[in-house]
**Q** 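What follows is a single structure, and I will ask about it in a moment.
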Amino acid sequence: NSVGNFSFVGTYTGDAYADMLLGYPDNATRSPFQTLQGDVDDFKAWYFNDNFRVRSNLTINVGLRYEVNPFFKGIRDTRSGFDFQSGKVIVPSGIPANAQPITPQLLQLFADRILFTKDIGLPPSVSPSDKMDWAPRIGVAWSPFGSQKNVIRAAYGIFYVFPDTNLINNTVVTVPFVDNITLFNDRPPAVPTRTFADFFQGTPIAAANPNPGQPCAFGFVAISCDTPGITSALVHLKQQYTQQWNLSVERQLGSRSALTIAYVGNKTSHLQQGIRRNDPPPGAGNIQSRRPFPQWGPIGLQEWGGKGNYNALQTQLEMRDWHGLTLMGSYVYSKCLDDGTDESGPVATQLIGTNYAVCDFDQTHTGSISFNYALPFGVGKQFLSGGPGVVNQVLGGWHVAAVTTLKSALPFTPVVNGDRANTGVGSQRPLIVGTPLVSNNVSCWFYTSSNSACKALYPNATDAFTLPAQFTYGNGGRNILRGDRLTQVDVSLLKDFPITETKRLEFRAEFFNIGNHPVFANPGTAINATSGGQVSSTLNSNRILEFALKMYF
């Protein structure tokens, strides 16, 4: 970031790539060089667990776990939080002057926008420890009707998720550790005066108020009129946890097969989630002056405030060693919903309410069929059992196995290239005016007239997605379209060559994606780009053949 991070979003041509070729960034951010940073702390937990054999056919498992999450201290006290009431950054009181190379300068320039933990009763971790993390668990296994061929199992538990150290560590990306200065190019219809060749035009990363004692453009007197961006966290955090429950029925069918049918569910609270808390509402005019905190640039906060849930019907049929054949088939029908994982990218405050949809990794149907078959040739087998040793070495001991995997498509979100809402952030939602035409063609997965291949393939089609009015968000939802289904068959051949009682040689030939069937990645999502709807890569590998020899001794 020290040489600049440039963002092209199609502000001037409607196409991000064209803007880049012309050398017209929408905005750019840069920050100074950083040295050692990281997190450290002690996590404590206590637990109790026991099994109770209530009857010969009924077992109950109970447990209780208690955890303390201190939310980490920063190495060299490099940690931050954000105070909404004052609009100031909170940092540990013990911060050394040389925590980062630019820290001495920033401590002076932003002294009027910094709060220290000891002055407001907070610990060095900034976020107080979460001491209410109780996690009970209970499980039941019951064989009803006096039969050992039926088992009913049920369970419920609460499970806390260890916090992602990267998210806490990212709270260092703020003053007084880093000054992320963001500059915007001229807004259309004005001709951009900042180019890729010289975007910053000599603007320093950090500078004092050029008119000491006079108000800055953001409305009040400050030591510095810079408006750096912030990546931080809320002060009072709650640890992410998941409630999980299940109910299953297992039935033995004959002496070698079994059927399992289960319902599995979970609910996640305080889901790890990043929120852009300083995006202005859509509107005309200068972006910076319309921000909720105009003294700062973009503010990305880690809040652990999201929610999610998963529900599934899971079935499995298994048959073991029937004349050398082991067979297993499984099928899952499921649905996962959340309001945006951190992997989806931070969401604007104004869009949180519209973000609840299927998860990025939701797959409605998942099926798998696998088998392992010991071919009936050689010593102890149905055929050639009494054959000479050389015959057994060549034809005996072979196994063939295969796995067929079928999965529904992953979802994706259509977006708009450019900054229609004039908030400084690209990839906004389009306006939906009809039912999307989804053809599953790699040149035009979904119809958009911006893609010439779509117009050639479907000359009579009309756009279901259009650009929203200037200075507005579209009504398009998150993850409303689906990509390609996964189909893959993997096969292996295995042969044992006995040498002595304790030594043997194993030959293995494996064929991954033996049909060389491509599973296409999600297409380009920008509805106003020439690449919209075009598939440019695959999710799976092409056919791979692997041969191996392994000696056991």
Side-chain angles (χ1 to χ4, degrees), residues 148-149 151 153 248 250-262 264 314-332 361 363 365-408 410 484-521 537-553:
Q148 296 299 313
K149 293 186 176 182
V151 179
R153 303 179 192 274
S248 68
E250 301 173 37
R251 169 69 178 175
Q252 181 179 336
L253 306 173
S255 61
R256 299 181 183 273
S257 59
L259 173 67
T260 302
I261 300 176
V264 175
Q314 301 180 355
T315 61
Q316 178 176 296
L317 178 62
E318 184 175 6
M319 181 177 67
R320 296 183 181 180
D321 197 20
W322 180 74
H323 300 290
L325 175 66
T326 295
L327 177 68
M328 186 172 72
S330 64
Y331 168 72
V332 177
F361 47 84
Q363 291 176 298
H365 304 282
T366 301
S368 176
I369 299 175
S370 63
F371 72 86
N372 189 319
Y373 182 46
L375 298 181
F377 303 104
V379 177
K381 302 295 183 180
Q382 184 177 359
F383 302 106
L384 303 178
S385 177
V390 66
V391 172
N392 184 64
Q393 287 283 19
V394 174
L395 299 179
W398 283 96
H399 291 253
V400 60
V403 178
T404 300
T405 305
L406 306 168
K407 290 186 178 182
S408 294
L410 292 167
D484 194 16
R485 299 184 295 270
L486 184 146
T487 302
Q488 182 158 320
V489 180
D490 302 323
V491 177
S492 69
L493 288 170
L494 185 146
K495 170 76 168 79
D496 274 336
F497 295 92
I499 300 174
T500 67
E501 289 186 359
T502 59
K503 298 181 179 66
R504 63 185 175 92
L505 185 68
E506 179 187 270
F507 167 75
R508 183 184 293 268
E510 295 177 308
F511 308 87
F512 301 97
N513 190 15
I514 191 171
N516 206 29
H517 180 79
V519 179
F520 297 110
S537 63
T538 58
L539 287 175
N540 65 337
S541 300
N542 55 328
R543 182 192 296 119
I544 296 175
L545 281 64
E546 181 176 285
F547 300 93
L549 280 174
K550 183 182 290 187
M551 172 68 78
Y552 291 88
F553 59 92

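Quick caveat: nothing in here was measured; it's all calculated off a predicted structure. Position 1 is the first residue of the sequence, and the numbers go up from there.
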**Q** Which pair of non-hydrogen atoms, one from Phe371 and one from Val400, has the smallest distance, and what is that distance?
**A** CE1-O, 3.7 Å
**Q** Counting neighbours of CD1 on Ile369 that are heavy atoms of other residues, nucleotides or ligands and sit closer than 6.0 Å, is the number greater than 12?
**A** no
**Q** Could you tell me which non-hydrogen atom of Leu327 sits nearest to which non-hydrogen atom of Ser370, and how far apart they are?
**A** CD1-O, 3.3 Å
**Q** Answer yes or no: is there a side-chain heavy-atom contact under 4.5 Å between Glu510 and Asp490?
**A** no
**Q** Flag the pair Phe377 / Trp398 as yes when at least one side-chain heavy-atom distance between them is below 4.5 Å, and no otherwise.
**A** no
**Q** Nearest 0.5 angstrom please: Ile514 CD1 to Ile544 CD1, how far?
**A** 13.0 Å
**Q** Nearest heavy-atom pair of Phe520 and Asp484: which atoms, and what distance?
**A** N-OD2, 2.9 Å
**Q** Could you walk me through whether Arg485 and Leu406 satisfy the side chain to side chain contact (heavy atoms under 4.5 Å, CB included) test, starting with their C-alpha distance in whole Å, then the side-chain angles of each, then the deciding distance to 0.1 Å, before giving a yes or no?
**A** CA-CA 8 Å; Arg485 299 184 295 270; Leu406 306 168; over 6 Å; no
**Q** Around atom CZ of Phe553, are there more than 12 heavy atoms from other residues, nucleotides or ligands closer than 6.0 Å?
**A** no
**Q** Can you name the closest pair of heavy atoms from Ala402 and Val491 and give their distance?
**A** CB-CG2, 4.0 Å
**Q** Any chance you could measure Thr326, atom OG1, to Tyr373, atom OH, to the nearest 0.5 Å?
**A** 11.5 Å
**Q** Got a sec, which residues hit salt bridge (charged side-chain N to carboxylate O under 4.0 Å, His left out) with Arg153, two or more places apart in sequence or on another chain?
**A** Glu250
**Q** Output the distance between atom OG1 (Thr366) and atom CG (Leu486), rounded to the nearest 0.5 Å.
**A** 9.0 Å
**Q** In terms of side-chain heavy atoms, does His365 have a donor or acceptor partner in Tyr331 at a distance below 3.5 Å?
**A** yes
**Q** Heavy atoms only: give me the nearest Met551-Ile499 pair and the separation to one decimal.
**A** CE-CD1, 3.8 Å
**Q** Rounded to the nearest 0.5 Å, what's the gap from OG on Ser257 to CE on Met328? Could you check?
**A** 14.0 Å
**Q** For the residue pair Phe361 and Gln363, establish whether any side-chain heavy-atom pair is separated by less than 4.5 Å.
**A** no
**Q** Any non-hydrogen side-chain atom of Leu317 less than 4.5 Å from a side-chain atom of Leu253?
**A** yes
**Q** Checking the side chain of Gln252 only, and the main-chain atoms of Gly254 only, is there a donor and an acceptor separated by less than 3.5 Å?
**A** yes
**Q** Report the residues that fulfil salt bridge (charged side-chain N to carboxylate O under 4.0 Å, His left out) with Arg320, sequence neighbours left out, ordered by chain and then residue number.
**A** Glu318
**Q** For Asn540, give me all partners under side chain to side chain contact (heavy atoms under 4.5 Å, CB included), at least two apart in sequence or on another chain.
**A** Gln488, Asn513, Val519, Thr538
**Q** Taking the side chain as every heavy atom from C-beta outward, state whether His399 and Asn372 have any pair of such atoms under 4.5 Å apart.
**A** yes
**Q** Please give me the minimum heavy-atom distance between Phe511 and Leu545, naming the atom from each residue.
**A** CD2-CG, 3.5 Å
**Q** Within a radius of less than 6.0 Å around CZ of Arg504, do more than 12 heavy atoms belonging to other residues, nucleotides or ligands occur?
**A** yes
